[in-house]
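These notes concern the structure reproduced below.
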Amino acid sequence: MYKKQLIDKFQRQIKYLRLSVTDRCDFRCFYCIPKGFHDFQEPEQWLTFQEIEQLVRVFAQLGVKRLRLTGGEPLVRKNVVDLVRRLSNISGLDDISLSTNASQLSKYAKMLAKSGIARINVSLDSLQPERFKKITNGSLDKVLAGLMAAKKANISPIKINMVVMKGINDDEVEDMVHFCIEQDFTLRFIETMPMGNSGLQAENNHYMSLQLIRQHLQQRFDLVPSIMSGGGPAHYLKIAGSNTDIGFITPISQHFCETCNRVRISVDGNLYLCLGDAHQVALRPLLRTGISDKDLAAVLLEAINLKPFKHEFVENPEKVIRVMSVTGG
């Protein structure tokens with residue numbers, strides 16, 4: 001562990017790294033990979049497992065405690081379970097988790113649990129097969145099978161992420177709550193985020209404040225304060241008499257920038273200091289020229305000064321011109 005920690009100029013300590021292992025996905029959710037988008041990185045541009053291991057090791061030495069593997073869909077990356085095993089041996093990490101659409105989870109759940117995945121987040125925007133296919137171009141049956149496999153493998157907690165979109169799936173909010181109560185899953189509602197002119201204009205038209213959702217649920221369920229914590233930005237309430245917590249991630253209506261503790265690495269090795277900012281630092285060229293851990297740590301300590309105080313999704317929605325899958329969400 002280095003004496004210096006990743007602390008930005010606003011005195012926020014970075015303890016959470018989101019790392020994309022692929023920008024490819026077997027789904028095509030319109031708010032993540034817009035229709036007609038084909039600008040994917042070639043495999044030779046992806047960080048190798050050795051490069052990922054070095055990066056994570058140095059981040060851990062600088063005080064990062066939580067690692068989340070993202071995509072695209074991380075389970076379409078060949079030998080990703082082997083990567084998890086390698087990362088689970090890195091000293092200093094308290095938690096390795098995975099964001100997935102669960103389409104491949106029935107195949108990998110047991111191996112992931114044994115290799116070191118502590119918990120998973122699963123994107124699930126609808127429980128209606130035809131609507132789900134319209135949103136994702138994927139199979140709901142595969143997702144549900146993956147969820148049951150993860151449950152059987154004793155992965156816990158399993159968190160369901162539902163992006164609430166007005167006129168698309170906002171009528172399923174209560175159904176999703178009942179589903180999560182039945183399965184003992186945690187449920188997190190997420191507001192849509194504008195990402196410039198990257199093809200997500202349709203998403204912006206369906207934005208819905210989660211404050212309205214929360215008010216509605218408080219009328220329908222007995223919600224009490226929850227002690228559930230995590231490395232992310234969700235604010236949780238528990239449904240009384242159940243094992244289900246409900247989280248609200250509100251990047252637009254109530255942004256959480258003042259407590260932001262995370263940075264992101266894209267599959268091609270770019271460090272993004274903020275999901276809603278254009279600043280990035282190219283790390284792959286440094287890794288491929290054999291940079292030492294000490295020198296890499298110095299680069300990261302300097303880069304953290306680029307992290308802005310807050311995003312400008314509302315004030316300047318055209319500022320970021322990239323699709324969500326590029327930075328791993």
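Keep in mind the model is a prediction, meaning the values are calculated, not measured.
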Practice task
Walk me through it: do Arg119 and Asp95 pass the test salt bridge (Lys or Arg N to Asp or Glu O under 4.0 Å)?
Solution key: CA-CA 8 Å; Arg119 53 196 175 88; Asp95 177 88; 3.0 Å; yes
Exercise for the section: Let me see the working for Tyr16 and Val263 under side-chain contact (heavy atoms from CB on, under 4.5 Å), right down to the final yes or no. Expected result: CA-CA 7 Å; Tyr16 184 8; Val263 294; over 6 Å; no
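Side-chain N or O atoms of Lys151 include one that pairs as donor or acceptor with a backbone N or O of Gln183 at under 3.5 Å. Of the possible polar contacts, none joining the Arg12 side chain to the Lys9 backbone as a donor-acceptor pair under 3.5 Å is found. Looking only at distances, a side-chain donor or acceptor of Thr244 sits under 3.5 Å from a matching main-chain atom of Cys180. In terms of modelled atom types and a separation under 3.5 Å, the side chain of Asp125 and the main chain of Val163 share a donor-acceptor contact. Lys307 places a side-chain N or O within donor-acceptor distance of the main-chain N or O of Leu273, the cut-off being under 3.5 Å. With hydrogens and angles disregarded, no donor-acceptor distance shorter than 3.5 Å links the side chain of Arg18 to the backbone of Arg68. Between the side chain of Asp8 and the main chain of Gln11, a donor-acceptor pair closer than 3.5 Å is present. Judged purely by atom type and a 3.5 angstrom limit, Arg264 has no side-chain atom pairing as donor or acceptor with the backbone of Leu19. When atom types are taken as modelled, the side chain of Asn169 and the backbone of Met165 share a donor-acceptor pair closer than 3.5 angstrom.
Annotation: cation-pi pair Arg214/Phe248 present, NZ/CZ under 6.0 Å from the ring centroid and within 45° of its normal.
In this structure, Ser91 and Ala60 approach most closely via the heavy-atom pair O-CB, 3.6 Å.
A salt bridge does not link Asp94 with Arg66: every distance from a Lys NZ or Arg NE/NH1/NH2 to an Asp or Glu carboxylate oxygen is 4.0 Å or more. A salt bridge links Glu51 with Arg288: the closest approach of a Lys/Arg side-chain nitrogen to an acidic carboxylate oxygen falls below 4.0 angstrom. A salt bridge does not link Asp171 to Lys166: none of the charged nitrogens lies less than 4.0 Å from a carboxylate oxygen. A salt bridge links Glu172 to Arg131: at least one charged side-chain nitrogen sits closer than 4.0 Å to a carboxylate oxygen. A salt bridge links Glu174 to Arg220: at least one charged side-chain nitrogen sits closer than 4.0 Å to a carboxylate oxygen.
Side-chain contact, Gln280 with Asn270: a donor N or O sits under 3.5 Å from an acceptor N or O. Inspection of the Glu191 and Thr250 side chains reveals no N or O donor paired with an N or O acceptor under 3.5 Å. Between the side chains of Ser103 and Glu73, no donor-acceptor pair of N or O atoms lies under 3.5 Å. In the model, Asp245 has no side-chain atom that pairs as donor or acceptor with a side-chain atom of Thr186 under 3.5 Å.
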When the side chains of residues 293-305 are checked against the rest of the protein, which donor-acceptor pairs come out under 3.5 Å, sequence neighbours left out?
from: Asp293; atom 1: OD1; to: Gln54; atom 2: NE2; distance (Å): 3.0
from: Asp293; atom 1: OD1; to: Arg57; atom 2: NH2; distance (Å): 3.1
from: Asp293; atom 1: OD2; to: Arg57; atom 2: NE; distance (Å): 2.8
from: Asp293; atom 1: OD2; to: Arg57; atom 2: NH2; distance (Å): 3.2
from: Asp295; atom 1: OD2; to: Ser292; atom 2: OG; distance (Å): 3.4
from: Asn305; atom 1: ND2; to: Glu302; atom 2: O; distance (Å): 3.4

Residues 104-117 side chain polar contacts: donor-acceptor under 3.5 Å, at least two apart:
from: Gln104; atom 1: NE2; to: Asp26; atom 2: OD2; distance (Å): 3.0
from: Ser115; atom 1: OG; to: Met111; atom 2: O; distance (Å): 3.1
from: Ser115; atom 1: OG; to: Leu112; atom 2: O; distance (Å): 2.9

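Note: the hydrophobic cluster containing Leu17 does not contain Ile7 (ILVMFWY, side chain heavy atoms under 4.5 Å, direct or indirect links).
Going from atom OG1 of Thr100 over to atom CG of Leu124 covers 11.5 Å, rounded to the nearest 0.5 Å.
You'll find the ring centres of His178 and Phe221 inside the 6.0 Å limit.
Residue pairs satisfying the salt bridge (Lys or Arg N to Asp or Glu O under 4.0 Å) criterion with at least one member in residues 134-146, sequence neighbours excluded, are absent.
Side-chain contact between Val177 and Phe189 is present, with heavy atoms from C-beta onward closer than 4.5 Å. Counting only heavy atoms from C-beta outward, the side chains of Phe185 and Leu147 approach each other to under 4.5 Å.
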